Every structure is written in structure tokens, then in C-alpha cells.
Number of protein chains: 2
Amino acid sequence: MGGSNEAGWRCHGNLWSNLREICDLLHIQAPVACQDDEVLFQHVRFKAGQRVHTIGQTFDTLYLVNSGFLKTVLIDEYGNEQVLSFPMKGDLLGIDGIHSQHHASEAVALSDCDIILIPYKVFAALGRSHAELEHAMFSVLSRELVREQIMIGMLSALSAEAKVARFLTNLGERFSMLGYSGKSFNLRMTRHEIGSYLGLTLETVSRTLSAFNEMGLIQVDQREITLLDTNALKTLRRLPPAKARAKVTDKVQALVGKKLMPQWSGDAVAA
Amino acid sequence: MGGSNEAGWRCHGNLWSNLREICDLLHIQAPVACQDDEVLFQHVRFKAGQRVHTIGQTFDTLYLVNSGFLKTVLIDEYGNEQVLSFPMKGDLLGIDGIHSQHHASEAVALSDCDIILIPYKVFAALGRSHAELEHAMFSVLSRELVREQIMIGMLSALSAEAKVARFLTNLGERFSMLGYSGKSFNLRMTRHEIGSYLGLTLETVSRTLSAFNEMGLIQVDQREITLLDTNALKTLRRLPPAKARAKVTDKVQALVGKKLMPQWSGDAVAA
DNA sequence: CGAATGATTGAGTGAAATCAAGCCGAGTGG
DNA sequence: CCACTCGGCTTGATTTCACTCAATCATTCG
């Protein structure tokens with residue numbers, strides 16, 4: 001809040017995409033009988049900090065990210081933000097508005113973004129005319145649903161270290177799928193936003209990143225991250241729910257976890 | 001596991017529903033031009049403990065709950081269950097299978113259930129022929145998505161007491177929408193399942209219910225629950241993230257919360 | 001350059017987990 | 001029938017992980 005750009009301000013871009021480009025972005029195969037100029041979809045640019053849609057806003061269009069990084073948030077009764085996701089290229093925004101015709105969440109640009117507008121009516125009509133497209137559309141919604149289910153499982157079952165570790169590896173995987181480096185990347189969000197997303201405080205996020213850095217699992221410098229031992233990060237699940245453990249891998253995990261606890265004697269601090 | 005009925009066993013029922021009945025159950029208006037006998041959907045009965053679908057199973061049909069109570073779960077790498085939802089009458093199961101053509105979660109009957117089978121192909125075809133229906137179908141998926149988003153917000157921001165309180169009031173609301181009593185009902189799930197759903201241990205769930213009972217907010221006897229002060233339960237949000245509070249209601253909340261902490265001197269224990 | 005925002009780190013606390021014991025009700029079998 | 005088990009629930013004692021509060025840096029920006 002308090003930024004110079006308040007919600008809803010849209011700078012009109014001048015690019016347009018056809019259906020084929022939309023399908024490519026969404027990773028679904030375009031219908032065979034697809035005339036390239038059948039329909040065109042407008043691009044709109046958002047500056048960092050601008051909102052693509054706000055809570056309560058009337059829903060009538062879906063948003064497909066063509067470039068840039070965003071966050072989607074819920075606002076609770078005290079005005080606190082709850083981060084739900086960090087969409088990037090190829091992600092579809094605004095789905096939550098279909099049900100009640102009003103957006104249930106808010107999408108904020110974390111960097112300058114190029115967003116493609118897909119009017120819901122056009123979206124729906126395309127499904128009716130192309131059977132393959134309709135399935136693909138249901139598929140996209142279903143994928144979102146599964147993603148959120150996994151998120152729920154992660155939130156309620158994993159330790160703080162495991163949450164941060166998975167967050168980093170997931171981010172890496174998404175970057176590499178987009179053609180960027182999956183090992184070395186730049187966080188577009190603050191520690192506070194990461195914490196909100198993972199159900200942790202910013203201090204815990206910061207401490208955990210520092211600990212991973214100490215352990216040589218990653219290299220951190222502010223928002224610059226390099227994953228050094230992706231495997232260890234992926235297998236570092238949870239420490240708490242020991243209960244009936246026997247497997248070898250588990251014992252290794254426990255050890256890796258324990259190493260976090262002892263005070264990391266400050267040797268490389270304060271240059 | 002270890003029950004006499006393993007997954008997949010289906011006792012064929014002999015009931016069938018038409019499209020109008022399906023739409024009623026889903027709370028969507030049936031298409032005006034809807035011939036009642038256009039398509040028929042088969043009912044199938046499941047006994048308590050049976051699985052409607054299992055993880056990894058090939059997806060080809062959606063399941064609509066006509067009666068009974070279920071849980072949907074994710075299984076993690078250690079074989080631990082993570083409860084995702086407690087579906088009941090009117091809820092649609094299996095959506096998560098659309099994306100990958102395989103179910104990502106498992107649905108288990110907590111009581112005897114009557115389930116309506118909706119072949120996905122039929123479902124999709126209906127959307128293409130009836131425009132209103134297509135929107136309604138997207139709407140159902142969107143509603144699921146919003147529900148999960150709210151779940152995520154709840155998991156990462158609320159205290160244990162607030163989670164349990166909301167769980168109870170939500171359950172009450174769902175029961176009253178189905179025409180049952182929203183004040184007095186029977187939990188169909190164990191403390192362990194509630195805990196898994198809320199990201200808590202069964203002990204914490206049990207303690208919290210006992211505390212609410214002590215405070216006169218509810219009345220508990222094993223799985224028999226009576227909500228005595230629904231309002232207090234609904235407004236009992238969170239205690240921890242104090243940070244910048246000033247409002248009157250907040251102070252009241254804090255007090256209500258604090259009363260939980262002092263040891264409840266056992267007076268009514270052990271008859 | 002200060003002001004502001006974000007990040008790091010420390011010290012102490014507290015909410016919920018863990019470990020552990022006992023109770024209750026249902027089902028089983030001698 | 002009663003002894004026995006077994007799963008679910010309750011409650012207590014203790015531990016611990018992550019939060020809170022607080023101070024200090026780093027970086028950006030007006």
C-alpha cells in the first residue's frame with residue numbers, strides 16, 4: 001500500500017496474440033482446425049506494484065502471464081496479506097472469480113509484467129466449439145486444484161526447513177521449465193512474502209536460508225540464490241513426525257535436520 | 001488398512017438419476033431445454049471404509065455424493081495420510097484426476113454412501129451442448145479452488161483453537177444447508193483425521209475440544225457435538241499474530257483466547 | 001545524505017508437538 | 001460369561017520448534 005500506482009491502472013500495450021500462442025503458453029495443444037486469426041487477445045502491461053485484479057472486483061476476464069512475476073494474495077479481516085501463489089509466465093490468473101462473478105483474491109505484479117487478457121465469454125465459447133480445447137481448459141483448472149492440494153499437504157505436514165527447501169527447489173524447477181537457470185536465480189519476493197506463502201515468519205525464513213547457506217546447500221546474497229545441493233534440499237523433508245522410522249534415508253534426513261539446531265558459531269559474519 | 005474390504009469393490013445399486021437431479025444436487029440451475037430422460041446417471045453404494053477412487057487410479061468418471069460422508073486424502077512418502085476434505089451430499093469428487101488422467105488423491109467412505117457416477121466424457125459433452133451448463137461446471141471447479149484457497153489461509157494464519165473453532169462452525173453450516181441441525185451433530189471422523197485436516201495432532205484437537213467444553217462454547221461427548229455459542233466460535237480467530245492491534249473486538253478476542261491457557265482445574269472429570 | 005524498506009541475527013518465550021499413561025466401548029474367543 | 005485385545009479418546013508432563021521482540025546492517029531512493 002502507499003505506492004504511487006494504485007489498483008486498476010492499466011497501460012495499454014499494442015501486442016495481440018492469436019489462439020495458437022495462447023495454447024502454447026498454457027502447454028496445451030492447439031486445435032488442429034485452428035485458423036490463426038480466428039480470435040485475437042490483447043496484451044496489457046503492468047508495472048511492478050500494480051494490481052491486475054483486486055478482491056471483490058467484478059469478474060469477466062482471465063489473465064494469462066506472458067512475462068513477469070506476480071503474487072496472488074488473500075486479505076484477512078485484520079488487513080493482513082496471505083500469499084497464495086507466485087504466478088509467472090504461462091500461469092492463468094483470475095480463475096477464482098468464475099464462481100461468484102467476483103474475484104476472491106488479488107493479483108499484484110512483483111515486476112513489470114506482460115499479461116494477455118482472455119475475456120471469459122470468449123474462453124467459454126472456445127470450449128464449446130473445440131472439444132479438445134474444452135478438455136484442456138478443465139485440465140488447467142484441475143492442475144491448479146492439485147497444486148493447491150499439494151500446498152495444503154505441505155503447509156500442515158512439513159517443518160519450516162522442509163518448507164523453505166521445497167520452496168527453493170520448486171522455484172528452481174519452474175525457472176528451468178521456462179528456459180532460465182534452475183540453479184541460480186533471483187527471488188522476486190520479500191522474505192515476508194515467502195513467509196506468508198509458507199506459513200512462517202520472515203525471521204524464520206531468513207534464518208533458514210542462512211542455515212542452508214552455512215551448510216553449503218545453497219548460496220544466498222540478499223535475493224540472489226544459487227542452489228548447490230538440490231538433491232539434499234529435495235530430500236530434506238521433515239524432522240518432527242519421527243514416529244516409527246527405520247529406513248536408512250530417514251536417519252540421514254534426521255541428521256541433516258539436527259545440524260540446523262546447534263548454534264552456527266559466527267565465523268564468516270561481519271567482514 | 002487391513003479392513004476386510006479393500007479398494008475398488010463396488011456393490012451395484014439400482015438407482016438412476018437424470019440431469020435435473022444432478023443439477024439440483026450441485027446447486028446449479030438445470031438447462032431450460034432439458035429433456036428429463038436425455039441421459040441417466042448410475043448410483044453406486046459404498047460401505048464405510050471402502051474407497052471410491054485411489055491414488056494413481058486412471059481417471060474417467062466424476063463422483064457426486066448423494067448421501068453419506070467421506071474423506072479425501074493425500075498419501076505422503078512415508079505413508080502418512082493428509083486429509084484434504086470431508087465431502088458430503090452435493091460435493092463433487094475426482095476433479096483432481098482431470099489434469100493427469102490419474103487421481104492425485106484418494107476418497108474413502110466414512111459411512112455408507114450413495115454415489116452418483118458421472119462419466120467425464122458425458123460431463124464434457126453436456127458442457128458443449130448446453131452453454132449454461134458449461135458455465136456451471138467451470139463454476140463448480142472455481143468454487144473448489146476458492147475453498148482450498150481459504151483452507152490455505154486458515155492453515156497458515158490461524159491458531160489451533162481458531163482452526164478447531166472454524167472447523168466446527170463450518171461443519172455446522174454445511175449440515176444446516178443440507179437440512180440437518182447445524183447446532184447438534186455427529187462427527188463422522190476421528191480426532192486423528194480432524195488433526196490431519198487442520199494440521200494439528202490428535203491430542204491438540206482433543207484438548208481444544210475439552211477446553212471449549214469447559215468454557216461452555218460447546219458440549220462434547222465423544223463424537224457427539226453440540227454448539228452452544230456459535231458466535232463466540234466464529235469470532236475466535238487467532239491469538240498469535242498480535243502486531244498492531246487496536247480495535248475493540250480484537251481485545252475481546254485476545255481475552256477469549258487467553259482463557260484457554262490457564263490450566264483447567266479438573267472438577268468435572270471422572271464421574 | 002537521511003529516510004525508508006528489507007534483511008540478518010540474537011535472546012527469550014510460548015504454543016503445540018512429543019512422550020506416556022490410563023480410560024472407555026466394541027469386538028473376540030476361551 | 002469374563003478376560004483379553006484393540007482402536008479411539010482423554011489428560012498429564014516435558015520438550016522443542018518457531019514466534020516475538022529487539023537491535024543492527026544493507027540497499028535503495030527521494
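Letters A, B, ... are given to chains in the order of the sequence lines, protein chains preceding strands, and every chain is numbered from 1. Computed from a predicted model, the values in this text were never measured in an experiment. Because only heavy atoms are used, hydrogens play no part in the values below, and waters and symmetry mates are left out as well, while side chains stay in.
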Asker: Please determine whether any donor N or O and acceptor N or O are separated by less than 3.5 Å between the side chain of Glu161(A) and the base of dC17(D).
Answerer: no
Asker: Can you see if the side chain of Thr204(B) gets near the phosphate of dA16(C) - specifically, an N or O under 4.0 Å from OP1 or OP2?
Answerer: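 So the side-chain polar atoms of Thr204(B) never come under 4.0 Å of the phosphate oxygens OP1 or OP2 of dA16(C).
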Asker: Would you kindly say whether Thr169(B) and Thr230(B) are connected by a side-chain donor-acceptor distance under 3.5 Å?
Answerer: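 Thr230(B) and Thr169(B) do not have a side-chain donor-acceptor pair below 3.5 Å.
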Asker: In this structure, how many angstroms lie between the C1' atom of dA26(D) and the CD atom of Glu224(A), rounded?
Answerer: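 To the nearest whole Å, that distance equals 15 Å.
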Asker: Could you give the NE2-to-P distance, from His192(B) to dA17(C), as a whole number of Å?
Answerer: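 To the nearest whole Å, that distance equals 12 Å.
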Asker: Answer yes or no: does a side-chain N or O of Ser206(B) lie under 4.0 Å from OP1 or OP2 of dT11(D)?
Answerer: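 It does not, given that no N or O in the side chain of Ser206(B) lies less than 4.0 Å from OP1 or OP2 of dT11(D).
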Asker: Give a yes or no on this: more than 12 heavy atoms of other residues, nucleotides or ligands lie within 6.0 Å of atom NZ of Lys71(B).
Answerer: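 Correct, the count exceeds 12.
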Asker: Ignoring hydrogens and geometry beyond distance, is a side-chain donor-acceptor pair present between Ser184(B) and Ser181(B) at under 3.5 Å?
Answerer: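 Result is no, nothing qualifies.
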Asker: Please report the interatomic distance CD1(Ile218(B)) to CG(Asp221(B)), rounded to the nearest 0.5 Å.
Answerer: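 Here the interatomic distance stands at 11.0 Å.
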Asker: Could you tell me the separation between the CG atom of Leu198(B) and the P atom of dA16(C), rounded to a whole number of Å?
Answerer: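 Going from Leu198(B) (CG) to dA16(C) (P), I get 12 Å.
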Asker: Can you check the Leu187(A) CG to dG6(C) P distance for me, whole Å?
Answerer: 14 Å
Asker: Classify the side chain of Arg191(A) versus the base of dT9(C) as yes if they form a donor-acceptor pair under 3.5 Å and no if they do not.
Answerer: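 Not at all, since no donor on one side and acceptor on the other fall under 3.5 Å apart.
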Asker: What's the closest nucleotide to the Arg207(A) side chain, out of dT10(D), dA16(C), dT9(C)?
Answerer: dT9(C)
Asker: May I ask you to say what Gly199(A) touches in the nucleic acid, namely base, sugar-phosphate or nothing, with a heavy-atom cut-off under 4.0 Å?
Answerer: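 Contact class for Gly199(A): sugar-phosphate only.
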Asker: Within this structure, what is the CG-to-P distance between Leu209(B) and dA16(C), rounded to whole angstrom?
Answerer: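 Whole-Å distance recorded here is 14 Å.
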Asker: Assuming nearest nucleotide by heavy-atom distance, tell me which of Thr190(B) and Ala160(A) is located more 5' along DNA chain D.
Answerer: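 Of the two residues, Thr190(B) wins.
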Asker: At under 4.0 Å between heavy atoms, what does Leu200(B) touch on the DNA or RNA strands: base, sugar-phosphate, or nothing?
Answerer: sugar-phosphate
Asker: Taking all heavy atoms of Leu145(B) and all of Glu148(A), pick out the closest pair and write down the distance.
Answerer: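 So the two residues come closest at O-OE1, 3.2 Å.
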Asker: Report yes if a side-chain nitrogen or oxygen of Thr201(B) is closer than 4.0 Å to either non-bridging phosphate oxygen (OP1 or OP2) of dT18(C); otherwise report no.
Answerer: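 Thr201(B) to dT18(C) OP1/OP2: no side-chain N or O under 4.0 Å.
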Asker: Do Arg223(B) and dG8(D) have a side chain to base donor-acceptor pair shorter than 3.5 Å?
Answerer: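 Per atom types, no contact qualifies.
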Asker: Please state how far atom CG in Leu155(A) lies from atom P in dA18(D), giving the value in whole angstrom units.
Answerer: 13 Å
Asker: Rounded to the nearest Å, what distance is computed from the CG atom of residue Leu202(B) to the P atom of nucleotide dA17(C)?
Answerer: 10 Å
Asker: Tell me: CD of Glu81(B) to P of dG8(D), nearest whole Å?
Answerer: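 From Glu81(B) CD to dG8(D) P: 11 Å.
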Asker: Between dC21(D) and Glu203(A), counting only base atoms on the nucleotide and side-chain atoms on the residue, is there a donor-acceptor pair under 3.5 Å?
Answerer: yes
